[in-house]
Structures are given as C-alpha cells and as structure tokens.
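Let me begin by handing over the structure; questions about it come next.
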Amino acid sequence: MGMFLNPGNENFRQALRSKIYVDKTLAIKEFNNLLDTNDKFVCMSRARRFGKTMLQCLVSAYYSKGCDSREIFSNLKISTELTDPNDIEKYQKNLNAFNVIDLDFNGFYAMVMKKESFFDELHSSVREEFVKQFPDIDFENCDTISKCIRKVYEETNQKFIIIIDEYDFFVRYQVDSKTFEKFLELLISLFKNKTLTPAISLAYLTGILPIVRDKIQSKLNTFKEYTMLNAKPFEKYIGFTKDEVKALCKEYKMSANGMRHWYDGYKINNESLYNSNSVVNALLREEFGSYWGQTGSYEAVSDYIKFDFFGIQEDVAKLIGGQEVKVDVTTYLNTLDDFKSKDDVFTYLIHLGYLTYVPQNKTCKIPNYEVNSQWGKALIGLPQYSETHKIIKESEDLLEAVIKCDSSLVADSLKRSHSLVMSNLQYNNEACFASAIMLSFIAARDYYTVFMELPTGDGFADVVLIPYKCKKPALVIELKIDTVAENAINQIYTKKYGFNLEKYRGNTRFIGISYNKESKEHFCKIEKW
C-alpha cells in the first residue's frame with residue numbers, strides 16, 4: 001500500500017464514519033461498465049463542494065489492490081441493491097483487483113517546496129512506490145510514471161486505473177508556461193500513448209472546468225466529458241438528489257421547503273441536484289445559511305460580469321430578478337482568459353455553479369437563494385451595476401412598505417428596476433416586468449418561496465410569495481398594462497387568487513401593479529385580505 005500507488009481505503013472509511021453519509025456506491029456499476037472499453041477515459045467536472053473528491057475516494061477504495069474493502073462495501077448499495085447477475089459478477093470480480101494510481105494535483109502542489117520542480121518530484125515520488133511494490137522489476141531513476149506503468153504491464157500483464165483529482169489545477173491557477181508544458185507532457189505520456197493504452201483499464205479525472213478546448217483537448221480527445229451541462233449516467237452521483245435530501249430532512253427534522261428554497265435549483269439531465277456541502281452544513285447546524293459561499297469568493301462572479309459585452313448588464317439584472325436568459329454554451333473554450341461574449345461568461349459561471357443550465361430552453365438562471373446572495377455581493381464596487389445594487393439594498397425597506405400598504409415606494413422602485421432589466425424593445429414584455437418585480441422584491445427571498453404564474457382560484461396569479469419560516473404575510477401580485485392598479489386588485493378578487501391561501505386570511509396582502517406604456521409611469525395599490 002502506498003500514498004499514490006495502490007492506496008488504502010482510509011479516506012473512504014472516514015467518509016463512512018461521518019455523521020452524514022449519502023450512499024453513492026451504485027456509481028461503481030457505471031464505472032464497471034466502462035472498464036477496458038473505448039469509453040474508459042472519463043473526465044468528471046463539477047462545481048466546488050458538490051462531492052467530486054468523495055466519489056474519487058470511493059472509486060479508489062473499491063478498485064485499489066492496496067486494501068481489502070470487501071467488508072466496508074458489504075452493507076452499501078453496490079453490494080445490496082444489484083439485481084442483474086452480470087452486474088453482480090462484475091462487482092465481485094473487480095473489487096480491489098487493480099493497481100490504482102491516485103493523484104491530487106492541488107494537494108501535492110501545496111506539499112512541494114520548489115514549485116518549478118513539481119512534476120519531477122511527482123514522478124520521483126510515484127516511482128519510489130513502484131520500486132517498493134514491484135521489487136522484481138528493474139526501474140531506473142529517470143523513469144516517469146508512464147514508463148513505470150508500461151514496465152509493470154509488460155512483465156506482469158497487470159492493469160492500472162488512473163485517478164487524478166483536480167486535473168484542471170494548472171489551468172485554473174494559470175501557472176507559468178514551463179510548468180504548463182510539463183503538465184501537458186504528463187497528459188500525453190499517460191493518455192496519448194498507444195503502447196500504454198492497453199495497460200489502463202480506466203482513467204478518471206475530476207475538476208471544476210471541462211477540458212480546455214484550445215490547449216488540452218487534442219491531448220485528451222479520448223476522454224468523454226461529464227459536466228454541469230450533461231453528465232448522464234453519472235448525474236445523480238455527484239451532489240444530492242431531491243429524494244436523498246427529502247430523506248435527510250425527515251431524519252433531521254428540517255424543513256424540506258426551506259432546504260429547497262435555499263439549495264435546490266441545479267438540474268443535470270432532468271435530475272434535481274443540491275450542493276451536498278450546503279445541505280450537510282444546514283443539517284448539522286440546524287440552520288439554513290450561505291455555506292457554499294463561505295468556501296469560495298463572490299469575486300468569481302464579479303471578475304467576469306464586469307466585462308463590457310453587449311447585453312450583459314441587462315441580463316445580469318434579469319438573472320438576479322429570477323428570470324432565465326438565453327445562453328449559447330457551445331462557444332466557450334473552457335479557459336480563464338479567452339472570453340469573447342456574454343455567452344462565454346455565463347457558460348463559465350454554469351460550470352462554477354453560479355448559474356444552472358436549462359437545456360430545453362437553452363437558457364441559464366441563478367439556481368437558488370444561496371447562490372443569488374453571492375450575486376448580490378458581486379455587484380458591490382462595480383460602477384456599471386450601481387443602480388442594480390442600490391435597488392437590492394433598498395429591497396428590505398420595500399418589503400416593509402408592502403406589509404404596511406405603502407404603495408408609493410413600491411411604484412418608484414419598480415419604475416427603476418423595470419428600466420434595468422429590459423431594453424426599450426423589451427419594455428412591454430410581461431415576463432420582463434415580472435423579473436423587474438422580483439429584482440425589487442429580492443429581499444423577500446429571505447422569508448418567502450416565490451411562485452410565478454401560480455394556478456389558484458379561477459386562473460393563474462402572476463406572482464405569489466408564501467412565507468416559509470416566519471409570520472410575515474403572504475403576498476399576491478397581479479400585473480396590468482395601460483390600466484389602473486385597481487383593476488389588478490379586482491382581478492385578484494374576482495378570480496379568487498386567494499383560494500389556496502385560506503390559512504393566511506387576515507395576514508395576506510393583495511398587490512396590484514400597473515404601468516403606462518407611453519409615460520412608463522408605474523402605479524401600485526395594496527390591500528389587506
């Protein structure tokens with residue numbers, strides 16, 4: 001057993017000993033189906049804190065010859081829920097059956113004193129473990145990792161599984177050109193070497209970014225990518241699914257609605273996913289909060305939305321207001337320094353988890369309240385977003401004004417937000433008007449679950465806000481164009497939009513909002529129900 005070659009299973013055992021562990025071991029079935037096929041080269045990219053490293057520990061513990069994991073897997077899903085005899089046979093056959101090379105670029109880089117010698121030290125450290133574990137094979141001091149693999153395979157016919165965590169480290173941290181060239185040399189020696197390909201049964205790379213298309217793609221063109229855009233059949237194995245979160249909420253007596261409001265919203269191949277780090281922290285601390293934001297920086301957003309690309313400021317205001325915006329995810333080259341349009345910026349932010357992709361509409365949106373709060377912080381200090389930030393800051397006062405039925409403050413805020421989220425050509429678009437309302441009411445997301453076009457009574461209410469953790473009133477908002485706000489209030493009554501809100505009777509506000517196309521004046525009327 002070594003640190004890099006045939007490691008033990010202690011990292012996975014630690015995960016199992018954690019107070020909260022969600023069983024993702026059925027992913028092994030999918031990996032077993034890829035072994036020694038043309039699809040054996042896997043690149044799995046996900047946003048921070050979604051559980052990439054956890055899956056890497058699982059894969060290493062299952063395949064590594066350096067440990068005996070039969071006992072720890074015996075009570076997990078991969079051992080208890082397989083029904084197909086072929087899957088069961090593969091599971092038993094491949095358990096601790098391979099030489100595993102498990103590398104963590106970020107972790108090893110932190111350990112190396114002389115950063116310029118990173119790859120020399122990496123090859124040397126792994127080679128030392130080859131010498132210990134294969135004493136009958138003649139290794140030389142200059143042998144690289146790929147040469148060591150080839151010698152073992154030629155003399156013993158034993159195969160390898162290569163795992164590289166944070167493979168994109170040298171892309172994201174934009175190291176010097178010499179180090180980057182050595183990084184490419186390592187990739188070429190391992191994955192573009194025809195003499196080595198038969199010795200590798202599976203290669204599993206994890207990172208935040210997909211493969212960089214203008215620098216690395218040709219070196220890794222054998223890899224199939226599983227990303228925040230498309231990850232089938234691995235979509236449910238990184239991040240928590242809706243059913244997993246529902247079960248955890250029941251066990252820990254936490255509000256499923258609150259959990260959904262704060263952390264839901266990511267979808268990959270129609271699978272609803274939650275950031276696992278955020279969910280675990282909320283459960284253990286018994287409080288909803290922005291835990292994912294604490295592990296990174298909102299500058300990841302602000303550094304890129306400040307680009308002066310056409311339409312980006314309007315789209316950012318729409319996103320913060322809860323609206324979806326169109327995005328072409330095919331143009332981005334997966335780099336950090338070659339952005340040519342707002343599409344590139346938004347696609348990058350999808351991979352980082354600050355946006356989520358809606359493939360059926362070819363749009364993106366901010367997934368949930370936790371992430372939306374990071375967007376609000378990202379606007380601070382960016383002069384082009386000063387008005388948007390001002391509206392967000394005033395939103396708490398606006399919410400209190402609504403509760404007190406002060407309609408004048410609402411009308412003024414909406415006029416400003418309406419101008420922000422749309423161009424002159426879009427000004428009379430009702431969906432954009434709804435987005436303007438949600439921008440002005442952004443503070444309400446601290447207390448409310450927001451529903452757009454909610455079926456209730458004899459129709460669909462434009463916007464309904466239902467409190468989920470406090471005694472604040474429910475809010476029903478109806479929009480009208482070129483008429484008086486009283487007509488919007490009347491529609492709420494006549495179409496019985498309060499039908500599903502009976503338990504809030506006496507603590508509900510009906511809000512009628514209208515504006516004039518010509519003058520662009522906004523009007524508001526608020527009544528208690």
Side-chain angles (χ1 to χ4, degrees), residues 1-18 20-37 39-44 46 50-104 107 126 129 133 149 152-153 158-167 190 199-207 223-224 226 231 233-241 244 276:
M1 182 179 76
M3 180 179 294
F4 308 106
L5 175 61
N6 292 328
N9 52 28
E10 182 55 30
N11 286 335
F12 186 56
R13 285 184 182 274
Q14 286 185 24
L16 292 175
R17 289 194 292 266
S18 300
I20 296 176
Y21 172 75
V22 174
D23 191 338
K24 299 287 186 177
T25 56
L26 285 175
I28 292 297
K29 182 184 80 168
E30 306 297 343
F31 284 114
N32 280 340
N33 289 335
L34 303 180
L35 290 178
D36 294 311
T37 70
D39 299 316
K40 66 185 178 181
F41 294 100
V42 174
C43 182
M44 200 87 70
R46 287 292 191 285
F50 260 80
K52 300 184 300 295
T53 301
M54 181 71 75
L55 189 60
Q56 171 234 334
C57 293
L58 161 64
V59 172
S60 180
Y62 171 73
Y63 286 114
S64 175
K65 280 185 174 182
C67 54
D68 182 355
S69 300
R70 191 168 302 276
E71 178 191 354
I72 61 175
F73 281 103
S74 62
N75 294 317
L76 298 174
K77 289 181 178 181
I78 188 63
S79 181
T80 61
E81 295 189 9
L82 292 179
T83 56
D84 187 300
N86 188 42
D87 291 335
I88 296 172
E89 181 184 359
K90 287 180 181 178
Y91 162 69
Q92 294 172 343
K93 174 185 175 184
N94 297 323
L95 179 60
N96 300 133
F98 290 87
N99 293 302
V100 170
I101 296 177
D102 191 344
L103 307 176
D104 173 6
V126 178
E129 295 191 5
Q133 294 189 40
I149 294 172
V152 171
Y153 180 67
Q158 294 183 37
K159 292 195 170 187
F160 287 78
I161 287 175
I162 299 176
I163 302 170
I164 301 180
D165 193 17
E166 298 210 46
Y167 88 94
L190 290 173
I200 299 174
S201 289
L202 177 73
Y204 174 50
L205 311 187
T206 75
F223 277 78
K224 185 171 182 178
Y226 303 86
F234 290 100
E235 67 271 22
K236 60 186 175 183
Y237 297 118
I238 297 183
F240 288 169
T241 67
E244 289 167 345
S276 49

Compare every heavy atom of A203 with every heavy atom of F223, then report the nearest pair and how far apart it is.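 Taking F223 first and A203 second, the nearest heavy atoms are CZ-CB, 3.9 Å.
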So which atom in P7 and which in C67 form the shortest heavy-atom distance, rounded to 0.1 Å?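 Result for this residue pair: O-SG, 3.9 Å.
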Has the side chain of S79 got a donor or acceptor atom that lies under 3.5 Å from a matching backbone atom of L76?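 No; zero donor-acceptor contacts below 3.5 Å.
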State whether the side chain of N96 and the backbone N or O of K65 hold a donor-acceptor pair below 3.5 Å, judged by distance alone.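 Side chain of N96 to backbone of K65, a donor-acceptor pair under 3.5 Å: no, none is there.
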Tell me, with the steps shown, if S201 and F98 meet side chain to side chain contact (heavy atoms under 4.5 Å, CB included). CA-CA 9 Å; S201 289; F98 290 87; 3.3 Å; yes
Do N32 and K93 have side-chain N/O donor and acceptor atoms under 3.5 Å apart?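 No, because no side-chain N or O of N32 sits under 3.5 Å from a partner of the opposite role on K93.
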P233 to Y226 - nearest heavy-atom pair and separation: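 P233 and Y226 have their closest heavy atoms at CD-CE2, 3.9 Å.
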Using atom types as modelled and distance alone, determine if a side-chain donor or acceptor of N33 lies under 3.5 Å from a backbone N or O of K29.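 Yes; at least one donor-acceptor contact below 3.5 Å.
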Is there a donor-acceptor pair under 3.5 Å between the side chain of S64 and the backbone N or O of V100?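 Checked: no pair found.
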Short side-chain to backbone donor-acceptor contact, K40 and I161, under 3.5 Å: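 The answer is no, because no donor-acceptor pair under 3.5 Å joins these two groups.
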Are the side chains of F12 and S69 in contact, using a 4.5 Å heavy-atom criterion?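 No. Closest side-chain heavy atoms not under 4.5 Å.
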Between the main-chain N or O of G239 and the side-chain N or O of S276, is there a donor-acceptor pair closer than 3.5 Å?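 Answer holds: no.
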Under the 3.5 angstrom rule, does the side chain of Q56 hit a backbone N or O of T206 as a donor-acceptor pair?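 No, the answer is negative, given that no donor and acceptor are paired below the 3.5 Å cut-off.
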Is there side-chain contact between Y237 and E30, with at least one heavy-atom pair below 4.5 Å?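 Result yes, sub-4.5 Å side-chain heavy-atom pair found.
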Minimum heavy-atom separation for D36 and I200, please, with both atom names.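 Smallest heavy-atom distance, with atoms named: OD1-O, 4.1 Å.
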Heavy-atom side-chain contact between F50 and L55 under 4.5 Å: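 No; the side chains remain at least 4.5 Å from each other.
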Is there side-chain contact between N94 and I28, with at least one heavy-atom pair below 4.5 Å?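 A side-chain contact under 4.5 Å is absent here.
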Within a reach of under 6.0 Å around CD of E89, are more than 12 heavy atoms found that belong to other residues, nucleotides or ligands?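 Not more than 12 within 6.0 Å, no.
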Scan N11, I163, D165 and name whichever one has a side-chain contact (heavy atoms from CB on, under 4.5 Å) with C57.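 Among N11, I163, D165, the one meeting side-chain contact (heavy atoms from CB on, under 4.5 Å) with C57 is N11.
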Take L5 and F160 through the test side chain to side chain contact (heavy atoms under 4.5 Å, CB included) and record every step on the way to the result. CA-CA 10 Å; L5 175 61; F160 287 78; 4.1 Å; yes
How many angstroms lie between CG in L16 and CD in E10, if you round to the nearest 0.5 Å?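 With rounding to 0.5 Å, CG (L16) is 10.0 Å from CD (E10).
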Determine, step by step, whether F41 and K224 satisfy the side chain to side chain contact (heavy atoms under 4.5 Å, CB included) criterion, reporting the C-alpha distance in whole Å, the side-chain angles of both residues, the deciding distance to 0.1 Å, and the verdict. CA-CA 6 Å; F41 294 100; K224 185 171 182 178; over 6 Å; no
Distance-only, no hydrogens or angles: does the E129 side chain make a donor-acceptor pair with backbone N or O of M3 under 3.5 Å?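 Yes, the answer is positive, given that a donor and an acceptor are paired below the 3.5 Å cut-off.
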Can you see whether T25 engages D23 through a side-chain donor-acceptor pair at a distance of less than 3.5 angstrom?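 There is such a pair (donor and acceptor under 3.5 Å, judged by atom type) between the side chains of T25 and D23.
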Under 30°, 30 to 60°, or over 60°: which ring-plane class applies to Y62 and Y91, parallel, tilted or perpendicular?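 Ring orientation, 0 to 90° scale: parallel.
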Any idea which heavy atoms bring I149 and A199 closest together, and the distance?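 Scanning both residues completely, I find the closest heavy atoms to be CG2-CB, 4.0 Å.
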Evaluate D102 against Y63 for side chain to side chain contact (heavy atoms under 4.5 Å, CB included), listing each step before the verdict. CA-CA 11 Å; D102 191 344; Y63 286 114; over 6 Å; no
Enter the distance from N9:CG to F73:CZ here, rounded to the nearest 0.5 Å.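 N9 atom CG to F73 atom CZ measures 8.0 Å (nearest 0.5 Å).
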Taking every non-hydrogen atom, the tightest pair across G207 and K52: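 What the structure gives for the nearest pair is O-CD, 3.2 Å.
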Which class fits the ring pair F31 and Y204: parallel under 30°, tilted 30 to 60°, perpendicular over 60°?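 The arrangement is perpendicular - the two ring planes meet at more than 60°.
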Can you tell whether the side chains of K24 and E244 come within less than 4.0 Å, N to carboxylate O?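 So K24 pairs with E244 through a salt bridge.
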Side chains of L26 and L82: closer than 4.5 Å at any heavy-atom pair?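 L26 reaches L82 side chain to side chain.
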In Å, rounded to the nearest 0.5 Å, how long is the span from CD1 of I78 to CD1 of I88?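 Here the rounded value is 9.5 Å.
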